[in-house]
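The structure under discussion appears below in the form of structure tokens.
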Number of protein chains: 2
Amino acid sequence: MTDDTAVEKKSIRADALRNEDALLEAAKEIFATSGVDAPVREIAARAGVGVGTLYRRFPKRSDLVVGVYKREVDACVKAAADFTGQYGPGDALTHWLKRYCQFIVTKKGLAAALYSGDPAFDALPAYFRANFEPTLQSLLQSAARAGEIRGDIDAFDLLRAIGNLASVGGTEGAEHTHRMLELMIDGLRFGAAKP
Amino acid sequence: MTDDTAVEKKSIRADALRNEDALLEAAKEIFATSGVDAPVREIAARAGVGVGTLYRRFPKRSDLVVGVYKREVDACVKAAADFTGQYGPGDALTHWLKRYCQFIVTKKGLAAALYSGDPAFDALPAYFRANFEPTLQSLLQSAARAGEIRGDIDAFDLLRAIGNLASVGGTEGAEHTHRMLELMIDGLRFGAAKP
DNA sequence: TGATAAACGGAACGATGTTCCATATTTGCA
DNA sequence: TGCAAATATGGAACATCGTTCCGTTTATCA
């Protein structure tokens, strides 16, 4: 185990922090359009930094990939709180499931990375589950308690089902995935026990 | 659809045929040890040809990968006939399952290729199933009719189960896979309806 | 503000994919 | 069998990419 996370040592220069953020943002956009094998130079250029800067922060490509994915997981989890404060339990759940679906769909190279055999990605699936499962579980419980959906759905099952649903790529695939997701959401509603 | 397969036009020069074979053989060995991302030059060198020759025969890397895998599937299927002629139904089945397991284990980059998103690999899973399923089904039927194993096992289920079994890589993983495979074979024997 | 450490950028290098064509080999024909 | 046309070959050459390295710039702090 390396202690590279959660150790905010002394002080990191402000520009270094800015650049790290810019790199993650640039990598996110480029990974989404060109996959995780996109040229390093392209990422550095979009972030407005030199490749040297990129390499100091992310010595291996996998560091960048892991960083981007964790960041997007966090953003997706955070969206749940936003939806919860903004909508009722049922709508919050619906909105979040669509948000989660979007997360999956835009991850071109995710499956490829996970199956690449590179041990650097071993921790990713656990991170996904550790963050998404409690989030969805909470949303499901709230909606079920409000009588808006059925109460016998396992969060992890649903996460995996949507993941499988979205495994067919392509532009028309996105349409298909969206329709199937709405079908599932209707299915959740159908079994609701109105109080 | 291109018409590049099954068109045996006029005559292909003998040296061209030899080189194609040498390339597939070299690629097979190198893919097994270094994965499907091994340098093109290395493959050409082991085959004893120049890179130009490699590229004329296999314009894209995926062509080589597909070629190698189909070739190995064919070899594995052919082994079934050999075992059937050489052993009794039960032993033939056992030998073939180990042979199939060996096929899976030595395919380092298989999963990565399949999940790469490259449409060039879309046809591979179907090819696997179309060849392996009838082969195993036949072996299972013969062994079941001879009363050596139980008769309620679906060929595709077993293929997939062994595939999943072997998904844990590594050198000690091979040992583990082998033990688990033998466990499964014993399981097949246990339910046999002795005639 | 000035000294100091930290961070930056991009040139440079090596490895790799891919193309191209002068040369070598095979094949069909007389 | 011997020769010319067709075919295939090999590897140099170019393009691209990952990675390193170091002179220069910038932020921090007293």
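Numbers restart at 1 for each chain; the letters A, B, ... are given by sequence-line order, proteins then strands.
In this model, no donor atom of one side chain and acceptor atom of the other lie less than 3.5 Å apart for B:D63 and B:Y55.
Note: CG (A:D21) to P (C:dC8) measures 13 Å, nearest angstrom. Between A:F58 atom CZ and D:dG18 atom C1' there is a gap of 17 Å when expressed in whole angstrom units. Atom CZ of A:R56 is separated from atom P of C:dA7 by 7 Å (rounded to the nearest Å). Atom CZ in B:R57 sits about 10 Å away from atom P in D:dG10, given to the nearest Å. Taking atom CD1 on B:I12 and atom P on D:dA8, their separation rounds to 8 Å, with Å as the unit. Here the C1' atom of nucleotide D:dT28 and the CG atom of A:L17 are 14 Å apart, to the nearest Å. Regarding B:D15, its CG atom lies at a distance of 6 Å from the C1' atom of D:dA8, rounded to whole Å.
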Decide salt bridge (Lys or Arg N to Asp or Glu O under 4.0 Å) for B:D82 and B:K78; before the verdict, give the C-alpha distance in whole Å, the side-chain angles of both, and the deciding distance to 0.1 Å.
CA-CA 7 Å; B:D82 295 348; B:K78 188 181 168 305; 3.4 Å; yes
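Among residues two or more places apart in sequence or in another chain, the side-chain hydrogen bond (donor to acceptor under 3.5 Å, both in side chains) test is passed with B:D186 by none. Partners of B:Y115 under the ring-ring contact (aromatic ring centres under 6.0 Å, His included) rule, at least two apart in sequence or in another chain, are A:Y115. B:Y100 is linked by a ring-ring contact (aromatic ring centres under 6.0 Å, His included) to B:W96, B:F132, counting only residues two or more places apart in sequence or in another chain.
Neither OP1 nor OP2 of C:dA7 sits under 4.0 Å from any side-chain N or O of A:N19.
Put simply, CZ on B:F190 and CG on B:L183 are 12.0 Å apart, with the number rounded to the nearest 0.5 Å.
Distances from the side chain of A:Y55 to the nucleotides C:dG17, D:dA8, D:dT19 place D:dT19 closest. For B:R18, the side-chain atoms get nearest to C:dT26 when compared with the rest of D:dG18, C:dG17, C:dT26.
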Below 3.5 Å between N/O atoms, which protein atoms pair up with nucleotides 10-14 of chain C? Just atom names and distances, please.
| unit_1 | atom_1 | unit_2 | atom_2 | d |
| --- | --- | --- | --- | --- |
| C:dG10 | O6 | A:G52 | N | 3.1 |

Would you list the protein and nucleotides 2-6 of chain D atom pairs, both N or O, that sit under 3.5 Å from each other?
none

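Of the residues in residues 30-39 of chain A, those lying under 4.0 Å from DNA chain D by heavy-atom distance are A:A38, A:P39.
In this structure, A:A44 reaches neither bases nor backbone, as no heavy-atom distance under 4.0 Å exists between it and the strands shown.
For the pair B:K107 and B:Y69, the cation does not sit on the ring face, since its NZ or CZ is not both under 6.0 Å from the ring centre and inside 45° of the axis. For the pair A:K28 and A:F31, the cation does not sit on the ring face, since its NZ or CZ is not both under 6.0 Å from the ring centre and inside 45° of the axis.
Under a 4.0 Å N-O distance rule, the pair B:E42/B:R46 does not qualify as a salt bridge.
For the residue pair B:I30 and B:A38, the shortest heavy atom distance occurs at CG2-CB, 3.3 Å.
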